[in-house]
Amino acid sequence: VLQVDRSPARPGDVRLAAHDLEVRGVTGALAVHGIDLQVRGGEILGVAGVDGNGQVELAEALAGIRPVASGTVTLDGDDVTSWGADARSERGLAYIPEDRGGKGLVGPFSLAENFVLKRYDRKPYASRGWLRRSEISRFARERIEAFDVRPRDASATASSLSGGNQQKAIVARELDGDPGVLIANQPTRGVDVGAIEFIHKQLLAQRDRGAAILLISLELDEIHQLADRIIVLFDGRIMGEVAAEDATDEQLGLWMAGRTAENDT
């Protein structure tokens, strides 16, 4: 098990919150049922659970990618329920999706193009409707160096990179500008140990500078390593919440199976 050095959390104000949130899945049925949650600056809220229990729908609704059926989402105290992903991104929300190939990167595009997917039409990367390729390349080289993305070639296509380097590229893009809120859905899925350790350190560094992080992971070890508080999703509902230092695999496992102390008695 990887061990990461982490200082105690110093939670600040609530930066991301959901109240009575309901979200529909691809079939139209509710996948998230009346969820309430809060994530404070300077903490990592870990979301544990077996795959397919509403994690994707929750993450996408909070990020503004999937519409909300009912309830509210607030970002730094403002109601952003009706805002799309671009508007939330402008307000400092970053999102690492669970599917790096299908949702995180455009495979045929170069690394440089992928790094500016969300801002290619803005200064300094565009001027009067024209792309400024020198600025895009400069930014890409900077992120490649800072996040040790290999090969160190801004013109390489995203699809040519290994899974770990693809993931590091997404993290490099999303952490640019030090976002106030980060939603990370399985940020180390399918990557090697070195990349896992690097990404963990990046997440903790963001927490320590005051970001609010919602970490969704199917790996309990990862939840234990990084989270300050833990909630468990089952069938789109929160089964329980516990401080990370008090969490046991037995308790989390019961919640992940849809069982609580009340329904066991």
Side-chain angles (χ1 to χ4, degrees), residues 16 18 21 23-29 31-32 35 39 45-69 73 75 80 83-121 140 143-144 147 149 156-177 179 181-192 195-196 198-200 202-203 206 211 213-219 222 233 236:
L16 175 68
L21 187 67
V23 187
R24 299 190 184 280
V26 292
T27 65
V32 173
I35 279 183
V39 193
L45 175 62
V47 181
V50 177
D51 200 11
N53 277 278
Q55 295 97 324
V56 171
E57 292 83 359
L58 173 63
E60 292 184 348
L62 293 174
I65 294 169
R66 184 182 294 261
V68 169
V73 177
L75 186 60
V80 298
W83 295 18
D86 287 347
R88 295 187 200 190
S89 175
E90 283 286 302
R91 281 295 301 274
L93 185 147
Y95 175 50
I96 299 171
E98 83 289 352
D99 179 1
R100 58 178 167 264
K103 299 177 182 178
L105 298 168
V106 180
F109 282 17
S110 70
L111 264 179
E113 290 166 332
N114 272 283
F115 279 133
V116 296
L117 278 179
K118 295 183 176 182
R119 58 188 68 189
Y120 67 90
D121 56 344
R143 301 314 279 172
I144 287 169
F147 284 78
V149 180
T157 60
S159 59
S160 70
L161 273 63
S162 68
N165 282 292
Q166 288 181 353
Q167 198 70 13
K168 284 196 285 187
I170 294 171
V171 173
R173 181 186 67 212
E174 296 303 314
L175 295 188
D176 176 52
V181 175
L182 172 65
I183 299 168
N185 191 356
Q186 301 190 58
T188 61
R189 184 183 206 172
V191 304
D192 61 46
I196 291 173
F198 182 86
I199 291 169
H200 283 182
Q202 295 297 321
L203 295 179
Q206 293 296 313
I213 300 177
L214 183 78
L215 168 68
I216 299 172
S217 179
L218 305 182
E219 302 294 332
E222 184 164 61
L233 280 190

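The residues of the chain are indexed from 1 along the displayed sequence.
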Glu174: partners by salt bridge (charged side-chain N to carboxylate O under 4.0 Å, His left out), with sequence neighbours left out: Lys118
Glu219 meets the salt bridge (charged side-chain N to carboxylate O under 4.0 Å, His left out) criterion, sequence neighbours left out, with none
Just checking, any donor-acceptor pair under 3.5 angstrom between side chains of Asn165 and Ser162? yes
With no hydrogens and no angle check, just 3.5 Å: does a side-chain donor-acceptor pair link Glu222 and Thr188? yes
When you compare the side chain of Leu214 with that of Leu182, does any pair of heavy atoms fall below 4.5 Å? no
Check whether any side-chain N or O of [X] sits under 3.5 Å from a backbone N or O of [Y] as a donor-acceptor pair, and report yes or no.
X	Y	answer
Arg24	Pro67	no
Gln55	Ser217	no
Gln167	Val191	no
Asp176	Arg173	no
Arg66	Leu58	no
Arg143	Val171	no

State the [atom1]-[atom2] distance between [X] and [Y], to the nearest 0.5 angstrom.
X	Y	atom1	atom2	value
Leu161	Leu111	CG	CG	5.0 Å
Leu175	Lys168	CG	NZ	13.5 Å
Ile213	Leu203	CD1	CG	5.5 Å
Leu105	Leu117	CG	CG	7.5 Å
Phe115	Phe109	CZ	CZ	14.5 Å

Pairs where residues 97-112 contributes a residue and the test salt bridge (charged side-chain N to carboxylate O under 4.0 Å, His left out) is met, not counting sequence neighbours: Glu60-Lys103, Glu98-Lys103
